[in-house]
A.B. asks: 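Quick one: structure below, then a few questions.
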Amino acid sequence: MDATVDVGLQRLNFVRAPDTWVTKLFDYKPFLVFLCLLPSMGLLVVFLTYPLGLGLWLSMTDTTIGQPGHFVGLENFQELMDDPVFWMSVTNTIFYTVVATAGKFTLGLWLALLLNHHIPFKAFIRAIVLLPWIVPTVLSAIAWWWIYSPQFSIVSYVFVDLLHWSDTYFNFLGSPWPARWSLIVANIWRGIPFVAITLLAGLQTISPSLYEAALLDGASGWQKFYRITVPLLMPILAVALTLSVLFTFSDFQLVYAITRGGPFNTTHLMATLAFQRAIPGAQLGEGAAIAVSMIPFLIAATLLCFFGVGRRKWQQGEAND
Amino acid sequence: MATVSIRNVRKTFGSTEVLHGVSVGIEDGEFVILVGPSGCGKSTLLRMIAGLENISSGEIAIDDRVVNNVAPKERDIAMVFQNYALYPHMTVRDNMAFSLSLANMPKSMIDQQVQRAAGILGLMPYLNRYPRQLSGGQRQRVAMGRAIVRDPKVFLFDEPLSNLDAKLRVQMRAEIKELHQRLTTTTVYVTHDQIEAMTMADKIVVMNSGNVEQIGAPLELYDRPNNLFVAGFIGSPAMNFLKGTVANGAFRTDDGTTLPLPNASPGAEGRPMVYGVRPEHFQLSGDGLPATVHVVEPTGSETQVIATFAGTQVLCAFRERVTAKPGETIRITPTQALSHVFDAATGQRFVA
């Protein structure tokens, strides 16, 4: 009872206990900032900096599974320079990224433009469009693997047994180029929802009155598209393009689940080859070197996307020039 | 320059009819304002003239050419949108040049036209800016510039001043009116603000729930409103209405007060009527009728008084400075010649 009264009196008289060192520490702003940042910094260090650092370190050692390696400098990278399989994986990755991204953006933009109009069952169609994105990649990869199967392919069944357009079953994954194109188709299918939904969001921010103004200004449908829609969509297109290129370039699941890099290593991407060498092949150092080789490509692609179609002058603030 | 004829135009969205047969004739060079409350169909009518909405039935003709099935860009009209609809990724110059470049006009002529429009609107210093870098009033001017460069037959304005603050609105009002006097292009202008309509228009079309209530010059509508709606809509503060009947050649309000009729009205005996007096048409007079003061609002140029008069709450505006306190009684009288009588059943002006 007395204690309560005391506290009340202290409050009334603004009496305050002298600061202890703990109070002083917590009143010190830099310390408080550091303390608040600590959890997120911890997460970044544990899940980003450490693995990246370890990968960089491994790429410069001759570590194999079960045997700690020694520092060998850039030897792993020198070996890769003379490795035709590595170079094929590089060209595969670039080809795969360029073609699949182009496909995803063409079809994704087309779908977004369709969905931006009033069409029947719009919500239903939008839900269907999202489906490939929701299904776990490995599951859809297995589905594609069945579609591409030499014996059980539904495509072969339709064309051979139902339509009789062909006598032999297709061998999608048996030779290099058909296998590469098959992977690209699967990747496009998987990537369209992201592009379509992102671009649809972008399209919906464009005021309909701009199109009405353009209509009165005498613009045709095509002129409205490339003089109004495309420039106004550029900012969001840049972000979607950057993310999509990064996802595609570092793709692993689809390829590994459908072809495992085969036939004869001809469909390996850099990511699958890195895994193949490091884990099943046990050459951790070499695998890490391949993975590290992706970094410059990724940085270059990001910069290209970002500066190529990034922020435009008209978006920026109040500057007067 | 051109005339615009709107003949018995109807508009339906699905099964809802929003315009019920509207007819308006617009002379060459006239500044016509469509005014009415939200949802009265005025913007829809404007968009039908522009070709942004199709015409369910009836005809719209620009210069004797029926444009029902003519594409918007072939109608030779230019429109200023409520939100300006400036292309955010184009400079002021490109915004104004857009329609001309789509029409494949030579570059030198485009420049010339843009310079001319920018000169008229005082936009010369801003030609290389983006819409983002402009103030509301400047954007408004660019939107007008975009219309002017094309030198169209008809200007259409869709509530162009509603996004501006009060002061700028008054300024732009004068600018638009001056612009029209200079270019003398036929103009159709939509607003919900009757002050805008009164101050700018050559001719006002008052609309209400899909019908035209009255067409006329601003002062004509003010002096002789055809019906209760126009009487209440035009004029600010709004007209006061007193309910009652005509008896013995005078107007008797429901509480028994007798008011003089503006004109002799035989045949109106005993019919329920509405007596309308504008606030500024009440006079203070020693032999007037008593009114109990509720609120006194001095505005400087005039004094507005809310009072109970003949059993109804009315608003009066006096040139004199009224010093009455709430609860006191003043003696007022409506100016006989400037009062209005409407048929209570139909709402129409009662003409003797």
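The sequence lines fix the lettering, A, B, ..., with proteins before strands; numbering per chain opens at 1.
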A.B. asks: Less than 4.5 Å to any heavy atom of chain B: does that hold for the side chain of E212(A), its backbone, both, or neither?
C.D. replies: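 Backbone plus side chain of E212(A), per the 4.5 Å heavy-atom cut-off to chain B.
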
A.B. asks: Name the residue from L52(B), N83(B), L86(B), D158(B) that meets the side chain to side chain contact (heavy atoms under 4.5 Å, CB included) definition with S209(A).
C.D. replies: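 Answer after filtering L52(B), N83(B), L86(B), D158(B): N83(B).
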
A.B. asks: If you count heavy atoms of other groups shown closer than 6.0 angstrom to CZ of F95(A), is the number above 12?
C.D. replies: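 Atom CZ in F95(A) is packed in, count exceeds 12.
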
A.B. asks: Where do L102(B) and R227(A) come nearest, in terms of heavy atoms and distance?
C.D. replies: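 Nearest pair, atom of L102(B) first, then R227(A): CD2-NH1, 3.9 Å.
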
A.B. asks: Under 4.5 Å heavy-atom distance to chain A, tell me which part of R150(B) shows up: side chain, backbone, both or neither.
C.D. replies: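 For R150(B), the side chain is the part near chain A, not the backbone.
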
A.B. asks: Any donor and acceptor pair, going by atom type alone, linking the side chain of Y87(B) with main-chain N or O of L232(A) inside 3.5 Å?
C.D. replies: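 Not at all, since once roles are kept as given, no pair shorter than 3.5 Å links the two residues.
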
A.B. asks: When heavy-atom pairs shorter than 4.5 Å are enumerated against chain A, which of S99(B), A147(B), G51(B), A50(B) gives the highest number?
C.D. replies: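 Heavy-atom pairs under 4.5 Å are most numerous for S99(B).
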
A.B. asks: Taking atom CG as the centre, does D64(B) end up with more than 12 heavy-atom neighbours from other residues, nucleotides or ligands that are less than 6.0 angstrom away?
C.D. replies: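 No, not enclosed.
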
A.B. asks: Around F13(B), counting heavy atoms of other residues, nucleotides and ligands shown, do more than 12 lie under 6.0 Å from its CZ?
C.D. replies: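 Yes, enclosed.
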
A.B. asks: Of all heavy-atom pairs between F98(B) and D217(A), which one has the smallest distance, and what is that distance?
C.D. replies: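 Here F98(B) and D217(A) meet closest at CD2-OD2, 3.5 Å.
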
A.B. asks: May I ask you to check whether over 12 heavy atoms, not counting those of F252(A), lie within 6.0 Å of atom CZ?
C.D. replies: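 Enclosed: over 12 neighbouring heavy atoms sit under 6.0 Å from CZ of F252(A).
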
A.B. asks: To check you understand the geometry: which heavy-atom pair defines the closest contact between L210(A) and P88(B), and what is its length?
C.D. replies: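 Nearest pair, atom of L210(A) first, then P88(B): CD1-CD, 3.8 Å.
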
A.B. asks: Pick whichever of A214(A), S207(A), A213(A), S220(A) has the most heavy-atom pairs under 4.5 Å with chain B.
C.D. replies: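 Looking at each of A214(A), S207(A), A213(A), S220(A) in turn, A213(A) comes out on top.
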
A.B. asks: Under a 4.5 Å heavy-atom cutoff, which of R75(B), Q82(B), R47(B) has the most pairs with chain A?
C.D. replies: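 Heavy-atom pairs under 4.5 Å are most numerous for R47(B).
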
A.B. asks: Determine whether more than 12 heavy atoms belonging to other residues, nucleotides or ligands lie under 6.0 Å from atom CE of M124(B).
C.D. replies: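 More than 12 within 6.0 Å, yes.
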
A.B. asks: Picking from R146(B), K73(B), H89(B), which has the most non-hydrogen pairs under 4.5 angstrom with chain A?
C.D. replies: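 Heavy-atom pair counts peak at H89(B).
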
A.B. asks: Are there over 12 heavy-atom neighbours, none belonging to E178(B), within less than 6.0 Å of that residue's CD?
C.D. replies: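 No - once you tally the heavy atoms of other residues, nucleotides and ligands closer than 6.0 Å, there are 12 at most.
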
